[in-house]
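What you see is a predicted model, and the numbers here were worked out from it, not measured in a lab. Residue numbers start at 1 and run along the sequence shown. Only this structure's heavy atoms are used, side chains among them; waters, hydrogens and symmetry mates stay out.
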Amino acid sequence: MPKIILIETSTSLCSAALAIDGKIVSRRESSEPRAHAAMTAPYVAEVLQEQGLKVSDCDAVCVSAGPGSYTGLRVGSSTAKGLCFAAGIPLLAVGTLDILVWQAIEGGLLPEGCRYIIPMIDARRMEVYSAVYSAAGERLTEIAPSVIDGSSFAKERAGGPVLFIGDGAGKCADILAAEGSSFVQACPRADAMLTPALREYNEKRFKDTAYFEPFYLKDFVATVSSKKLF
């Protein structure tokens with residue numbers, strides 16, 4: 001079983017973990033605002049030091065691929081690429097929504113009779129990045145931005161209990177409430193990346209370290225500040 005460094009920075013939670021022999025052996029996380037750039041690399045160093053390892057002792061680095069915060073994804077991607085280049089090990093990436101789905105499955109969060117898991121990444125106002133997954137973790141629809149209203153996910157909600165999970169789930173609870181469904185307000189965590197990361201590793205789906213780009217979904221738009229500095 002490989003040793004994999006896991007990095008998740010797609011939302012307000014910054015986290016890193018180390019997996020050895022198919023188990024998480026060390027982890028770090030913080031939800032301190034706008035601190036991803038300062039914390040990500042030190043967290044990786046700490047989880048390695050805890051096990052007496054160097055980056056070059058590991059078999060791969062896995063990073064969250066998005067969608068999510070532009071800045072957070074850039075920090076995670078840059079850190080992961082730097083580690084891979086320096087140590088000569090391969091890069092893996094798993095989708096942020098996949099991470100939330102496995103966080104739900106392995107965390108025992110599915111309500112009784114649940115047929116669908118709908119992970120949601122907050123995209124401001126009543127918009128989320130989302131997709132529909134089966135209760136077994138299979139993605140059934142394309143990942144897309146959605147403006148949530150009373151008709152959203154009507155088919156899934158009519159089919160029985162649904163689990164909505166993510167940092168965009170809480171704001172949708174009143175609009176999408178349905179009998180038996182659950183809403184879990186949560187950020188994706190690095191330790192929840194392990195199952196999809198192992199799948200990517202075992203199937204040798206390595207990324208091109210030089211050219212890998214996160215899945216932003218929306219183009220980043222730079223704006224001009226209205227504040228006058230001088």
Side-chain angles (χ1 to χ4, degrees), residues 6-17 19 22-24 27-31 62 64-69 72-73 93-200 215 217:
L6 307 165
I7 298 172
E8 216 304 318
T9 57
S10 64
T11 64
S12 60
L13 185 71
C14 172
S15 61
K23 296 180 181 179
I24 299 295
R27 72 193 80 192
R28 294 287 188 281
E29 64 182 46
S30 173
S31 56
C62 186
S64 53
S69 157
L73 290 171
V94 297
T96 307
L97 299 182
D98 292 318
I99 298 169
L100 284 168
V101 166
W102 284 101
Q103 196 164 308
I105 293 172
E106 295 179 342
L109 301 178
L110 275 61
E112 185 175 353
C114 179
R115 294 185 60 192
Y116 300 105
I117 304 170
I118 301 180
M120 294 177 157
I121 296 294
D122 191 7
R124 308 287 179 86
R125 300 183 180 87
M126 287 310 296
E127 192 171 21
V128 297
Y129 303 133
S130 64
V132 177
Y133 290 71
S134 72
E138 178 187 1
R139 182 160 60 84
L140 305 176
T141 66
E142 294 298 315
I143 299 170
S146 304
V147 177
I148 301 300
D149 58 30
S151 65
S152 299
F153 307 111
K155 174 186 173 183
E156 290 76 21
R157 289 187 287 145
V162 177
L163 174 68
F164 297 90
I165 182 171
D167 66 347
K171 69 181 183 182
C172 302
D174 291 340
I175 298 174
L176 299 180
E179 185 176 354
S181 293
S182 297
F183 295 82
V184 177
Q185 181 74 10
C187 292
R189 304 189 317 266
D191 59 292
M193 299 170 69
L194 180 54
T195 294
L198 284 173
R199 179 186 62 212
E200 295 295 298
F215 178 40
L217 203 57

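- Pairs engaging residues 175-198 under the ring pair (Phe, Tyr, Trp, His ring centres under 6.0 Å) rule: Phe164-Phe183 [sequence neighbours left out].
- Every pair passing side chain to side chain donor-acceptor pair (under 3.5 Å) that includes a residue from residues 166-182 is listed here, sequence neighbours excluded: Asp122-Lys171.
- Between the side chain of Thr96 and the backbone N or O of Gly66 there is at least one donor-acceptor pair closer than 3.5 Å.
- Smallest separation of non-hydrogen atoms from Gly168 and Val128: O-CG1, 4.0 Å.
- Scored by the side chain to side chain contact (heavy atoms under 4.5 Å, CB included) test, Arg139 finds Ala131, Tyr133, Glu142, Ile143 as partners (sequence neighbours excluded).
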Criterion side-chain contact (heavy atoms from CB on, under 4.5 Å) on Leu73 and Ser64, from CA distance to verdict: CA-CA 7 Å; Leu73 290 171; Ser64 53; 4.3 Å; yes

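- Considering CE of Met126 and SG of Cys172, their distance stands at 4.5 Å, rounded to 0.5 Å.
- Sorted by first and then second residue, the salt bridge (charged side-chain N to carboxylate O under 4.0 Å, His left out) pairs with a member in residues 95-117 form an empty list; sequence neighbours excluded.
- Minimum interatomic distance between Leu194 and Gly22 (heavy atoms only, all atoms of both residues): CD2-O, 3.3 Å.
- Side-chain atoms of Ser134 come within 3.5 Å of backbone N or O of Ala136 as a donor-acceptor pair.
- Ser30 contributes atom OG, which lies 7.5 Å from atom CG of Leu13 (distance to the nearest 0.5 angstrom).
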Listed pairs under 3.5 Å, donor-acceptor, residues 147-155 side chains, sequence neighbours left out:
residue : atom : partner : partner atom : Å
Asp149  : OD1  : Ser151  : N            : 2.9
Asp149  : OD1  : Ser151  : OG           : 2.7
Asp149  : OD1  : Ser152  : N            : 3.3
Asp149  : OD1  : Ser152  : OG           : 3.4
Ser152  : OG   : Asp149  : N            : 3.0
Ser152  : OG   : Asp149  : O            : 3.2

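- For Tyr116, the ring pair (Phe, Tyr, Trp, His ring centres under 6.0 Å) criterion is met by no residue, not counting sequence neighbours.
- Rounded to the nearest 0.5 Å, atoms CD1 (Ile165) and CD1 (Ile99) are 11.5 Å apart.
- Atom CG of Leu97 and atom OG of Ser130 lie 7.5 Å apart (nearest 0.5 Å).
- For Arg157, there are no salt bridge (Lys or Arg N to Asp or Glu O under 4.0 Å) partners at least two apart in sequence or on another chain.
- For the residue pair Arg189 and Gln103, the shortest heavy atom distance occurs at N-OE1, 2.9 Å.
- Among residues two or more places apart in sequence or in another chain, the side chain to side chain contact (heavy atoms under 4.5 Å, CB included) test is passed with Ala93 by Val63, Ala65, Lys207, Phe212.
- Pro196 approaches Trp102 most closely through the heavy-atom pair CD-CD1, 3.9 Å.
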Step-by-step side-chain contact (heavy atoms from CB on, under 4.5 Å) determination, Val162 to Ile118: CA-CA 7 Å; Val162 177; Ile118 301 180; 3.8 Å; yes

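- Across Cys14 and Thr9, no two heavy atoms sit closer than the pair SG-CG2, 4.3 Å.
- Using a 4.5 Å heavy-atom cutoff, the side chains of Met120 and Leu176 are in contact.
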Worked verdict on Ser69 versus Ser10 for side-chain contact (heavy atoms from CB on, under 4.5 Å): CA-CA 5 Å; Ser69 157; Ser10 64; over 6 Å; no

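- Under the rule for a salt bridge (Lys or Arg N to Asp or Glu O under 4.0 Å), the partners of Glu200 that lie at least two apart in sequence or sit in another chain are Arg205.
- Gln185 places a side-chain N or O within 3.5 Å of a backbone atom of Gly170 that can act as its donor or acceptor partner.
- The backbone N or O of Val132 sits less than 3.5 Å from a side-chain atom of Thr141, completing a donor-acceptor pair.
- Listed by chain and residue number, Leu6, Glu8, Ser15, Ala17, Met193 satisfy the side chain to side chain contact (heavy atoms under 4.5 Å, CB included) test with Ala190 (two or more places apart in sequence, or in another chain).
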Verdict with supporting geometry, Val94 and Cys62, side-chain contact (heavy atoms from CB on, under 4.5 Å): CA-CA 7 Å; Val94 297; Cys62 186; 3.9 Å; yes

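- Residues satisfying the side chain to side chain contact (heavy atoms under 4.5 Å, CB included) criterion with Pro161, sequence neighbours excluded, are Pro111.
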